[in-house]
Amino acid sequence: MTVIVTQSLTKRYPRVTALDRLTVDITPGVTGLVGANGAGKSTLIKILLGLSPATEGDARVLGLDVATEGPAIRERVGYMPEHDCLPPDVSATEFVVHMARMSGLPPTAARERTADTLRHVGLYEERYRPMGGYSTGMKQRVKLAQALVHDPRLVLLDEPTNGLDPVGRDHMLDLIRRVHTDFGISVLVTSHLLGELERTCDHVVVVDGGRLLRSSSTSDFTQATAALAVEVTDTDAHPDGGAALLAALTTAGIAARPASAEGGLPGAGHVLLVEVAGEETYDLVRDAVADLGLGLVRMEQRQHHIAEVFQQHDSDTKGGSGHAG
Amino acid sequence: MQADPTHPGGGTSDTPGHAASIHNIGYRSYEGARLGRGYARRSLFAQSLRGGYGLGRSARSKVTPMLLFGIMCVPALVVVAVAIATGVDELPVDYRAYASFLAPVIGLYLAAMAPQSVSRDLRFRTVPLYFSRPIERVDYVLAKYAAMAAALFVFTAVPLLVLYAGALLGELDFAEQTRDLALGLVSVAVLSLVYAGIGLVVAALTPRRGFGVAAIIAVLTIPYFAVTTVQFIASESGGDGTAAVGWLGLASPGTLMSGFQAKFLGAPSDFPGRVVPSDAAGLCYLLLVLALVAGSYAVLMARYRKAGL
């Protein structure tokens, strides 16, 4: 059983190719769709909702053809847009009830489902107040609620963590996780940050320039991309501590590279990125630092950014990188 | 904010089934009816029609429509009271003339309500939420158009019913009053369709609400005064000028309605010199009314093509 299947899906606009022969299978669960801005994420969502015809190829959502069964798809799918979409002068309850009815729920069911759904996304007394006074976090919850109110079998969430502070972001990611685990609804969530999706998703699909870059389960991703940032001091014996550690690690058979090659990190000259092969890597790094007599300033898990996946991909193929962000 | 103490980190992705059993605070799936497009369209129509009188919204948004509705009905009540008290054998105001008598109030109502019906969804970008549901563009446009026309019809038809009730209480001729009321209702129905189309098109093309209000008032009044002025000049000059009065009436929404009902509904003409449009001009009135309704619908459809996701 697959939730979304696309077969060499292509969308060309007069001047740009938004999707280029995209072929993916998405299974039930939480799937992350990662890509830089303009990578084709929104175009894909439009096609999956049956609102924009594909130039070539085909796609099926919940077993329904996007080209011919759009209305049936939209009855069973929820959509949360990236942008603001809430009128400020109505309350969350009124708004979500109205949206439930637009999805075809009879009046009584619309009211009951609205009360339930708003409670599930964590909106309580404030749901009777006009939405103009809500915080960004509360607005995002209402947007999620309107996508869930008709109990869809799949929700498409477009950048749901946009504009949230770190705490709000964590809450939203937990909520998304629960949409699948507790509600039994499959989720396709887009983001330009791979790091936050790793925690939440079972599966991650990376697109760039409309092409499929990778599609694999999250555990594969973590193995392939996990990196340890190690910063050491210089000593009299080793005037360039970083270089000494790099040499030591390489002889110990651990893949490492200076972070300065990527730029970006502060004090990058002394930071090494060490690939984590398993638990023993941490011990080996510690021992190597101790043997050299260097001071270990920090050793931390790197926050994976989408750029890293692109860089790895590019170095695999042609080298160079144009995706700094 | 989230009353969820048992689940602080959310890092339970390895045991999803277990997490579900801890936190099941009762998500219920929905197995009931899904009533589809037709129902969604009717619901949107009902919601928009209620919105036309501020029902289901804040008390503040009820003030304008209710006040204008009151102003619309007061003259009818006065006419009825006077007619009954003095025992006249005919109402001093014709059913078909009532709407043109209170045209400024109708214009204000349209200018206030058409922008709130369509501009809000465009400005707050709610439109994509509709189109990600079974409802389609044609359903949205039809529901909004029909709701605006229905709101205007209620606005203009209720005073006529007040007049009719008064006429029957005053024991005026039943058959004649009923026939005139029916023609009056047809006249305000046509007016509602035409004005709703004009109001919605102008509102949908001006997403800022303030501009929408001003633009609708401008579209309804400026051509009207221009046309009536030119009609007077033509009428004064006599001869061919008198014939031109009928044709000139085509050039503004207000005079279009006057000419239409003078020609087809037997209303007393508002034009200078009581001119009634010729048969050829009358045909043009009819065609223009139809063209305005169809054109408004087409423009709205085109407007929402771009407003999708």
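Hydrogens, waters and symmetry mates are skipped; everything else that's a heavy atom, side chains included, is used. Residue numbers start from 1 in every chain, and the chains themselves are labelled A, B, ... in the order their sequence lines are given, proteins ahead of strands.
- Here A:C85 is the residue among A:C85, A:P87, A:A72, A:S42 with the most heavy-atom pairs under 4.5 Å with chain B.
- Atom CZ of B:F211 is surrounded by 12 or fewer heavy atoms from other residues, nucleotides or ligands within 6.0 Å.
- For a residue to count as touching a neighbouring chain, one of its non-hydrogen atoms must lie under 4.5 Å from one of that chain's; by this rule B:Y39 touches chain A with the side chain only.
- To the nearest 0.5 angstrom, B:S29 atom OG is 7.5 Å from A:R113 atom CZ.
- At a 4.5 Å heavy-atom cutoff, A:D170 makes no contact with chain B through either its backbone or its side chain.
- Using a 4.5 Å cut-off between heavy atoms, A:L148 touches chain B through its backbone atoms (N, CA, C, O) alone.
- Close approach to chain A, defined as a heavy atom under 4.5 Å from one of its heavy atoms, is seen in B:S43, B:L44, B:Q47 of residues 42-55 of chain B, taken by number.
- Chain B forms more heavy-atom pairs under 4.5 Å with one residue of A:A109, A:P130, A:G70, A:P106 than with any other, namely A:P106.
- The greatest number of non-hydrogen atom pairs below 4.5 Å with chain A, out of B:R125, B:E136, B:R133, is found for B:R133.
- Residues B:Y30 and A:H150 keep their aromatic ring centres 6.0 Å or farther apart.
- Contact of A:I185 with chain B is made through the side chain alone, with heavy-atom distances under 4.5 Å.
- Here the straight-line distance linking atom OG1 of A:T181 with atom OH of B:Y27 works out to 12.0 Å at 0.5 Å rounding.
- Atom OH of B:Y224 sits in a sparse spot, with 12 or fewer heavy atoms from other residues, nucleotides or ligands closer than 6.0 Å.
- In this structure the side chain of A:E75 never reaches within 4.5 angstrom of the side chain of B:L35, judged on heavy atoms.
- With rounding to the nearest 0.5 angstrom, the CG atom of A:L86 is 7.5 Å from the CG atom of B:L129.
- To the nearest 0.5 Å, atoms CZ (B:R37) and CE (A:M102) are separated by 13.0 Å.
- Between B:S132 and A:L49 the shortest heavy-atom distance is CB-CD1, 4.1 Å.
- Looking at B:E31, there are no atoms closer than 4.5 Å to chain A (heavy atoms on both sides), in backbone or side chain.
- With respect to chain B, the highest number of heavy-atom pairs below 4.5 Å among A:V30, A:D89, A:V90 belongs to A:D89.
- Side-chain contact check for B:R28 versus A:D151: every heavy-atom pair is 4.5 Å or farther apart.
- B:R60 does not touch chain A: none of its heavy atoms, backbone or side chain, sits under 4.5 Å away.
- Annotation: A:H98 is in aromatic contact with B:Y130 [ring centroid separation under 6.0 Å].
- For chain B, the nearby parts of A:Q146 are the backbone and the side chain; heavy atoms of each come within less than 4.5 Å.
- Contact count versus chain B (heavy atoms, under 4.5 Å) is highest, among A:P81, A:P88, A:G184, A:S91, for A:P88.
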